[in-house]
> 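First, the structure itself, so that you have it in front of you.
Reckoned from all heavy atoms, side chains included, excluding hydrogens, waters and symmetry mates.
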Amino acid sequence: MLMKLNPVLLYRSTASVLSSVALQRTSTPFRHYKRLLYIGMAEMGEHVDRTQHSERESLVSKATVISVSNASETVKTLSLKVEDKNLVFKPGQWVDFVIPDIAQVGGFSICSTPMKLRMSGMLDLAVKASEAAPAKWVHENCHLGSEVKIRVGGDFHYNPQVGDSQSDLLLIAGGIGINPIYSILQHATDLLREEEVGESAAKPGSIVLLYTAETKQELIYRRALQMIGEMFPNKITVKMFITQGEESGDIPVGRINEEQLQKSLEGLNKTSVCSYICGPPSMIADMEAMLQKLGLVAEQIKTEKWW
């Protein structure tokens with residue numbers, strides 16, 4: 001007689017075994033992870049299916065919610081205290097987000113930096129409201145002290161190493177797609193600060209950020225982004241846009257178009273610039289097409305879609 005497996009208990013027991021054997025932080029094909037952790041699950045969720053070919057770290061860690069706040073009417077931000085000190089990530093990556101008693105696995109981009117994790121053991125997430133069970137839990141049931149399990153993954157990241165040549169960055173974000181872009185931008189500023197005191201492992205070149213959302217209120221991190229531009233006026237340019245409402249100060253109404261991309265590229269080294277784009281699939285397709293029309297090759301453009 002076959003016994004029906006409880007998917008939540010299976011995850012808990014499997015994660016416990018994985019942790020107990022002190023898995024190395026090497027990337028493993030997701031099909032093995034999927035087989036180990038989600039056998040018997042009726043609802044794995046779109047994140048799992050859409051990222052099945054992405055690299056994931058082996059390590060699974062418990063994490064505790066130590067802060068919950070509203071970034072906007074539709075976005076909540078979480079700060080997590082990570083239990084396993086061996087957990088690391090690259091700016092731009094996401095986490096598998098496993099909630100007790102919820103079979104569907106969330107996938108949320110990290111919006112903080114590796115330096116913050118190293119120094120405080122914390123990482124931050126920002127979650128857009130939706131009917132997906134993990135996002136709904138974050139908005140309706142998550143509280144201080146809530147415990148989850150996380151695992152780092154993703155092929156979209158900025159992680160320059162010692163000896164890498166300097167390259168400019170063109171960062172483009174739409175809506176909640178700002179999360180991995182914000183992590184990348186903050187990491188670049190960490191490297192610039194280290195460069196000032198002679199400790200930088202890599203030297204970012206000039207950086208342009210183009211960020212669009214429906215309304216001014218949905219431009220999360222708005223003030224923080226403006227401050228970054230003010231702190232590095234000769235290195236970082238921040239431009240924000242809204243698609244609805246009225247123009248507000250230096251935030252015009254309209255979408256990012258070819259003219260704006262061309263103006264942004266004029267201040268960057270077009271032959272070596274790397275563009276990171278995160279947003280809705282249709283926006284990404286438009287940005288890719290325009291950038292290639294303006295002279296960038298496919299290898300210079302990295303994308304992360306959110307649905």
> How far apart are the closest heavy atoms of Ser61 and Asp84, and which atoms are they?
OG-N, 3.0 Å

> Check whether Ser146 reaches the backbone of Cys142 with its side chain - one donor and one acceptor, N or O, closer than 3.5 Å.
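No; zero donor-acceptor contacts below 3.5 Å.
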
> Short question: side chain of Arg118, backbone of Thr113 - any donor-acceptor pair under 3.5 Å?
no

> Give the minimum heavy-atom separation between Tyr221 and Ala126, together with the two atoms involved.
OH-CB, 3.3 Å

> Identify the heavy atoms of Trp94 and Glu55 that sit nearest to each other, and give their distance.
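In this case the closest contact between Trp94 and Glu55 is CH2-O, 4.5 Å.
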
> Using salt bridge (charged side-chain N to carboxylate O under 4.0 Å, His left out), reason through Asp124 and Lys116 one step at a time and then give a plain yes or no.
CA-CA 9 Å; Asp124 300 333; Lys116 179 173 182 176; 2.6 Å; yes

> For the pair Tyr276 (side chain) and His157 (backbone), establish whether a donor and an acceptor sit closer than 3.5 Å, ignoring hydrogens and angles.
yes

> Cluster question for you: counting only ILVMFWY and a side-chain heavy-atom cut-off of under 4.5 Å, with indirect links fine, are Leu80 and Met122 together?
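No.
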
> Same cluster for Met227 and Leu210 if Ile/Leu/Val/Met/Phe/Trp/Tyr side chains link at under 4.5 Å?
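Each belongs to a different hydrophobic cluster.
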
> Would you indicate whether the side-chain heavy atoms of Val105 and Pro134 approach each other to under 4.5 Å?
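The answer is no, as the side chains (C-beta and beyond) never meet within the 4.5 Å cut-off.
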
> Please tell me if the side chains of Tyr182 and Ile228 come closer than 4.5 Å, counting only heavy atoms from C-beta onward.
yes

> Is it true that, when you exclude Glu258 itself, more than 12 heavy atoms of the residues, nucleotides or ligands shown sit nearer than 6.0 Å to its CD?
yes

> Let me see the working for Leu265 and Leu294 under side-chain contact (heavy atoms from CB on, under 4.5 Å), right down to the final yes or no.
CA-CA 9 Å; Leu265 288 171; Leu294 292 170; 4.0 Å; yes

> Charged N to carboxylate O under 4.0 angstrom, Asp96 versus Arg56?
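So Asp96 pairs with Arg56 through a salt bridge.
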
> So does Thr215 get a backbone contact from the side chain of Gln244, meaning a donor-acceptor N/O pair under 3.5 Å?
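Pair absent, no side-chain N/O of Gln244 close to backbone of Thr215.
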
> Would you call Leu169 and Val208 a side-chain contact if the rule is heavy atoms closer than 4.5 Å?
no

> Evaluate side-chain contact (heavy atoms from CB on, under 4.5 Å) for Met240 paired with Gln226, printing each intermediate quantity in order.
CA-CA 9 Å; Met240 290 179 275; Gln226 291 170 334; 3.6 Å; yes

> Do you know the tightest heavy-atom contact between Cys278 and Phe156?
CB-CZ, 4.4 Å

> Take Ser272 and Ser167 through the side chain to side chain donor-acceptor pair (under 3.5 Å) test and state the conclusion after the steps.
CA-CA 6 Å; Ser272 63; Ser167 62; over 6 Å; no

> Would a distance-only check, ignoring hydrogens and angles, find a side-chain to backbone donor-acceptor pair under 3.5 Å from Asp168 to Ser206?
yes

> Would you confirm whether Ser183, through its side chain, and Ser112, through its main-chain N or O, come within 3.5 Å as a donor-acceptor pair?
yes

> Same cluster or not: Ile256 versus Ile236, using hydrophobic residues (I, L, V, M, F, W, Y) connected whenever any side-chain heavy atoms lie under 4.5 Å apart?
no

> For side-chain contact (heavy atoms from CB on, under 4.5 Å), just list the numbers for Leu87 and Ile150, CA-CA rounded to whole Å, side-chain angles, deciding distance to a tenth of an Å, and then say yes or no.
CA-CA 9 Å; Leu87 185 137; Ile150 58 173; 4.1 Å; yes

> Starting from the C-alpha separation in whole Å, work towards a yes-or-no answer on side-chain contact (heavy atoms from CB on, under 4.5 Å) for Ile172 and Leu261.
CA-CA 10 Å; Ile172 304 173; Leu261 291 176; 3.7 Å; yes

> State plainly whether one hydrophobic cluster holds both Met290 and Leu268, where clusters connect Ile, Leu, Val, Met, Phe, Trp and Tyr through side-chain heavy atoms under 4.5 angstrom apart.
yes

> Are any of the side-chain heavy atoms of Leu123 and Lys81 separated by less than 4.5 Å?
no

> Pick from Thr303, Ile301, Ile277, Leu170: which one makes a side-chain contact (heavy atoms from CB on, under 4.5 Å) with Met287?
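Testing Met287 for a side-chain contact (heavy atoms from CB on, under 4.5 Å) against Thr303, Ile301, Ile277, Leu170 leaves exactly one candidate, Ile277.
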
> Measure from the side-chain N and O atoms of Asp164 to the backbone N and O of Gln161, and report whether any donor-acceptor pair falls under 3.5 Å.
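Such a contact is found between Asp164 side chain and Gln161 backbone.
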
> Count the heavy atoms belonging to other residues, nucleotides or ligands that lie under 6.0 Å from CD of Glu73, then report whether that count exceeds 12.
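No, CD of Glu73 has 12 or fewer neighbouring heavy atoms, counting only those of other groups under 6.0 Å.
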
> What's the shortest heavy-atom distance between Asp49 and Gln52, and which atoms?
O-NE2, 3.1 Å

> Could you check whether any side-chain heavy atom of Asn141 comes within less than 4.5 Å of a side-chain heavy atom of His143, counting everything from C-beta outward?
no

> Under 4.0 Å between a side-chain nitrogen and a carboxylate oxygen: does that hold for Glu131 and Lys136?
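Judged by the 4.0 Å cut-off on N to carboxylate O distance, Glu131 and Lys136 do form a salt bridge.
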
> Would a line drawn from the ring center of Phe241 to the ring center of Tyr211 be shorter than 6.0 Å?
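No, too far apart.
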
> Is there side-chain contact between Ile110 and Pro180, with at least one heavy-atom pair below 4.5 Å?
no

> Look at the side-chain heavy atoms of Ile, Leu, Val, Met, Phe, Trp and Tyr, link any pair under 4.5 Å apart, and say whether Leu185 and Val75 land in one connected group.
yes

> Short question: side chain of Gln300, backbone of Val273 - any donor-acceptor pair under 3.5 Å?
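At least one qualifying donor-acceptor pair exists.
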
> With side chains defined as the heavy atoms from C-beta onward, is the minimum distance between Leu171 and Ser275 less than 4.5 Å?
no

> What residue among Glu218, Gln217, Lys128, Lys216 forms side chain to side chain donor-acceptor pair (under 3.5 Å) with Ser72?
Glu218

> Any side-chain heavy atom of Glu57 within less than 4.5 Å of one from Phe89?
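Not touching, per the 4.5 Å side-chain cut-off.
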
> May I ask you to decide if the ring planes of Tyr158 and His187 are parallel, tilted or perpendicular, using 30° and 60° as cut-offs?
perpendicular

> Got a donor-acceptor contact below 3.5 angstrom from the Lys76 side chain to the Leu125 backbone?
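Side chain of Lys76 to backbone of Leu125, a donor-acceptor pair under 3.5 Å: no, none is there.
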
> Report yes or no: does Gln260 contribute a side-chain atom to a donor-acceptor pair with the main-chain N or O of Asn257 at less than 3.5 Å?
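Flag set: sc Gln260 to bb Asn257 pair under 3.5 Å.
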
> List the atom of Glu147, the atom of Pro100, and the distance in Å for their closest heavy-atom pair.
O-CD, 3.3 Å

